[in-house]
Structures are given as structure tokens and as C-alpha cells.
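In each ligand, atom 1 is the first atom listed, and ligand 1 is the first ligand listed.
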Amino acid sequence: MPGSHARIMYIIVPLFFICTLLVILNAATTEHKAPSLQGAHYIDTSLPIEERVEDLLGRMTLEEKIGQMALVEKNSISPEAVRAYGIGAILSGAGGKPENNTPEGWRTMIAGFVDASKKTRAGIPILYGVDANHGHGNVPGATIFPHMIGLGATNDTELVEKIARATAVEMLATNARWNFSPSLDLPTDIRWGRVYENFSDDPARAGDLGAAYVRGLQTHSPAVLSTAKHYVGVGSMLWQTSSNKNFSIDQGLTIPDEKAFRNFYLPPFRKAIESGALSIMVALNSWGDTKMSANHYLITDVLKNELGFQGFIVSDWYGVYEISPSTYVSSVAAINAGIDMVMLPFAYEQFISDVKNAVVRGDISESRIDDAVRRILRAKFALGLFDSEPEAELSLVGSSEHRVLARKAVAQSLVVLKNDRDILPLSSPRKIRVAGSAADNIGMQTGAWTYEWQGIDGNWLPGATSILAGIREAAPNSLVQYEKDGRFAEKDIADIGIAIVGEKPYAEGWGDNANPTLTDEDKATIERLRASVQNLIVIIVSGRPLFITDEIRNWDSLIAAWLPGSEGAGVADALFGKVPTTGTLPITWPRNVEQLPLDSYGGTSDESSPLFPRGFGLRID
Ligand code: BGC
């Protein structure tokens, strides 16, 4: 009977599918049956790290290992998914803030991810990474130190170590244990939008300060993991070679040059490794035809085999997927080149499935996966992530002690480039006229990587002091007048004029600029101020040297203040002689674009003399 036949089919067909599913599931669980955690001793804090690493590694499934290799941006994943996939690390890309954007909100957000990771089968804590490259800049109320170029001008390793430590303390208060810093690129072209993120174009200065920074983060307990970046040759990319259509030089092409690599680009990384760096970030540039993330020689042969680097290699934002249009091919190439953790930063499910397939097909060896995970676990154990959590002291975020340190750093970072008639230091002038776009603009002082990736122009940062406020405070006996545009109503001539001018905030390739110079508005302000004062001091607030060859003639004094951060009062400390000016140029100050790029010794490309050579700076006591 057709009717009863059909009824039987209703029963048989689903039964068949259920049975097949059970067989598949059974096969899957048999294949990936998790090794037992019984008798695990990786949690035993008394054992040596290597023993703990091997014990844990030996108990992990392939999926758990691959999860450790994923670095995901926090808005792309929930704590539940971190737990389900056993993700290894989360980051806040600049601006990746919690809804409750306070230090407390940060602490709660990060704790949510950490707790979820600890609930995984093996309880492996995540690493939470941030770009705390001039203090814990994402967090409102944090102390904002001078950007690295200013620290480069101080050339003071002790100071830099203290700043790194203070940054670590502020990070620890919010549970963030991984800083994507220090940047050790050697900028040879001031048109690049990332000059200020680096100490110097001199490998010796960059290396010494970078090593100090690594020590400050990592060698105190509890520690924060440092990242020496961006490996390698970044800063020497050629103008107009960017792989990003919006940029000109950032993410561009570096000419493969073994000699330059050995003599210039590599030494700062070597010093960082020697001082204990446990992670290195591979850059977004290309080394000749090869994307850096796919360069086996530079990553595995040199860093791991030759230098014996024991930490892990992390790729930069989406960089791995720039290797090939295929995510599978990209992941295979990067991991085989030696990348241990991939800053995806989005599609973690795709990554996990690609890498799993690659291992099954034999395109990535299990030993390569083990090597990657061993390195990641080593860093996690070294930081004490498996052990008891440090007390998070929120009151240390933006503490007065840290602000005093930052203010000191500001004063030390100033480079006096001109001081005709010994105008500086100022004693007690009767009348001071202040003008310029950066005089009362904390956003310009702090630059990018503050609150938002690109920074925010204007006065909005809690707890910060503008340069103008610092001048007012330092000169209680002077009449300090301020007009942003330099139009003063009185027609008399004041003793001193201070023009504080410079660049609006920018980050990465968005700051690439064919002609870095002062704006017409700033130039006009300076001219107006010039006409109403006897002696003119110009203070440039910028992330790089600017072309000022014609203008400087009309100025009596010139100070490069870089991007001083939240403690603008440090500028006045030097202006008024409270602190001697000891800063020196960390990078050559060129006259014009024909002198670019600089060579690795700071020389100009047409061999003409720069406006100021690297190392120049007038000491004013
Ligand atoms: C930058 C890195 C940074 C990362 C995470 C990338 O765009 O190149 O320097 O650490 O983003 O924010």
C-alpha cells in the first residue's frame, strides 16, 4: 500500500540521518579526544616555567592549540566565544573601549574576557593587549607621557624605564597585561605618519631606549608583556609605495638590503631581545616582493634560530591576510614563516578552521603548531598569568606621582634649536604674549593614540594641563596675554612672544604628508605675534621635524616640543629655567623634501647640510 510505505519512509530516513550523525560525532570525539588533565602540574607555581609549559602543551588538543594562536579584536568577540574557542588573546585596537569608558569600566571589561578564558577546559588565561605607547592612552584619566620621539630626545634610559614602569602600573590597574610597545622603527623619512611613535632613527639610541622600555614593562613584578615592533625595516619604506591606497608610505616597500638589515634595522631588536622582550610584532611593510608576515628568513632563521628568541612572534593588524586573497594560503604561509600568533583581528572561526585543515592536510606540521603554542605559553607563564592575580589599584591611573614623572619627561624632551640673544631661560618678563593653535590644545599636545586611534583635537582630556596653563602658573609676576590667532588689541610691544604651533593629531598612514610644514594659519599667527613683541620664541608641537627653513630666520628662539602629552607644564619648567634643557635631536631636521629620505646615518640624500643634524640641541642652564 503506497500510504503505509510512505509512513515507513518517514521513520527510516530520519533514523538514517541520526545514525550517520552519531557515527560522525563519535569519530570526531575519538579523533580529538582531549588528553586528560589528571595529575596536571602546570598549575604548580614552584615548578620551572619550561616544565609547566611542556606539561600543559602535552595535554592540549589541536583545537585548543590553534585557539591560542588567535588574537582577536575585542568588539568582534564575546567572552562566551573566548571560552568556547579557547582564544589566546584579545586586543583593544586604539579606540576599542568599553561602554563604560572609565578606568573601572576597562577593568571590568578585561576581567570579563580573562574570567571566560579561565573557564576553558585547561583554564589558559588570555593575554589582553593594548597600544599603551605613551601611557595607557586609551583610558580616560590615564597619565599621557610624551610620545616616543620626545623620549628619544631625552636620550635618558633611566627615565624611559621609569615611564614604562608607570605605564605598566596603570595598565595593571585595568587588568591589561600586554603592551604593543616599544616601537623600534628607524624613521628616515619625515613624510611618514608614524615618525613620532619611535625614539630615533639612530639604531643605537633607539635600541638603548627600547631595551630600557622593555625592562620597565617586563622586569618588575607583576609584569606587563612588551612588544618590540615593527619588525623590520619599517621607517625605510619608499615614498609612494604603500600597499594601502589611502596611504603614501606607511605599509610600503622596504628594499631588501642585508647590510642595512644587519647594521641598522636589526640591532634595536637584538637589544630588546637581550633585555627580555617576549613578543615581537612583525610589520605591515613588504620586504621586496614579500609581505613581512611571510618572510621565513627574517622571522625564523634570524630571530628564532640565529638570535635564539624564545618569545612569540605576533603579526600586525590584518597583515597576514594581505599575503594572499585566500585566507587559507595566507595562514599557511604566515605560520610556516614563523608567525606564532595572528592578529586576525576579526574572523577567528575562519582562522581556526583554515589552520585545522592545514594541519590535517599536512600543509602545516604539528611541530610548527607546538613551537608556536610553546612560545605563547612560555610568555603567559613568565608573566604569572596562571598564578594569583595582582591587586588592581585603580587610584594609580593618572596618579600624581606619574604626572610628576611625565612633567619631568616633558621638560627633558624639549630640544632648543635656536636661542638668539640668550632669550632663554626667561626670568620674569613684564608681559608675555602667547598665541598659536597648540598653546591651549591638549589634543594637539597628546597627539594620536589618545582615547581614539587618530586622537581628538581640542581640550577634552580629564586631568591634563595645557602648555598655556603651565606658562601662566610659572610666571605669576608677568602679565600673560593669550590670543590664539595672535591678534592682540593693545598696540604696545611686549617683551616676549611665545607662538605655540604645530600639527593636528594623526595616526599611521593618515599622517603621511608630502609636505610636513606649518599651516598657513599658524604662519599668519606667528607673523602677527612677531609684530607685537620684542623677542619671539616659537615652540613647535609636532610628531616630526617640519619644513621651516624660510620661517626660522624671523624667530629669535625655537624649541621642538614634540608631542608632550598631558603634562604641558613641563614646557614652562624649561622655559623659565627651573630645569636645564638637555634634549637633543633624535632625528635629523631636514631643510626640504630634496633631502629625503635621510640615510641610515642621518645624512641627507642630496648630501647638502640639513637644517639641524641629529644630536643637535642647545643646552640652556
Ligand atoms: C598598528 C600596530 C598596533 C596595532 C594594534 C596596527 O594598525 O600598526 O602598531 O599595535 O594596530 O592596534
Distance-minimising heavy-atom pair for W453 and A507: O-CB, 3.3 Å
Considering the heavy atoms of [X], write down every atom of ligand 1 situated less than 4.0 Å from one of them.
X: K229; answer: 2 (C), 3 (C), 9 (O), 10 (O)
X: W317; answer: 6 (C), 7 (O), 11 (O)
X: F180; answer: 10 (O)
X: E508; answer: 1 (C), 6 (C), 7 (O), 8 (O)
X: L91; answer: 5 (C)
X: H230; answer: 2 (C), 8 (O), 9 (O)

Within-cut-off N or O pair, D316 and ligand 1, under 3.5 Å: yes
Side chain, backbone, both or neither: T227 near ligand 1, heavy atoms under 4.0 Å: neither
R194, portion touching ligand 1 at heavy-atom distance under 4.0 Å: side chain
Residues forming a salt bridge (charged side-chain N to carboxylate O under 4.0 Å, His left out) with K304, sequence neighbours excluded: D340, D371
Aromatic ring pairing H402/F145, orientation class (parallel under 30°, perpendicular over 60°, tilted between): tilted
Parallel, tilted or perpendicular: rings of W287 and F261 (30°, 60°): perpendicular
E197 to ligand 1, any heavy atom closer than 4.0 Å: no
Distance, nearest 0.5 Å, that separates CG of L253 from CE of M237: 10.0 Å
Reported CG-to-OG1 distance for the pair D354 and T327, which is rounded to 0.5 angstrom: 3.5 Å
Atom 3 (C) of ligand 1: the protein heavy-atom neighbour that sits closest, reported with distance to 0.1 Å: D131 OD1, 3.2 Å
Ionic contact status for D201 with R614, cut-off 4.0 Å: yes
Main-chain N/O of P590 paired to T588 side chain as donor or acceptor, under 3.5 Å: no
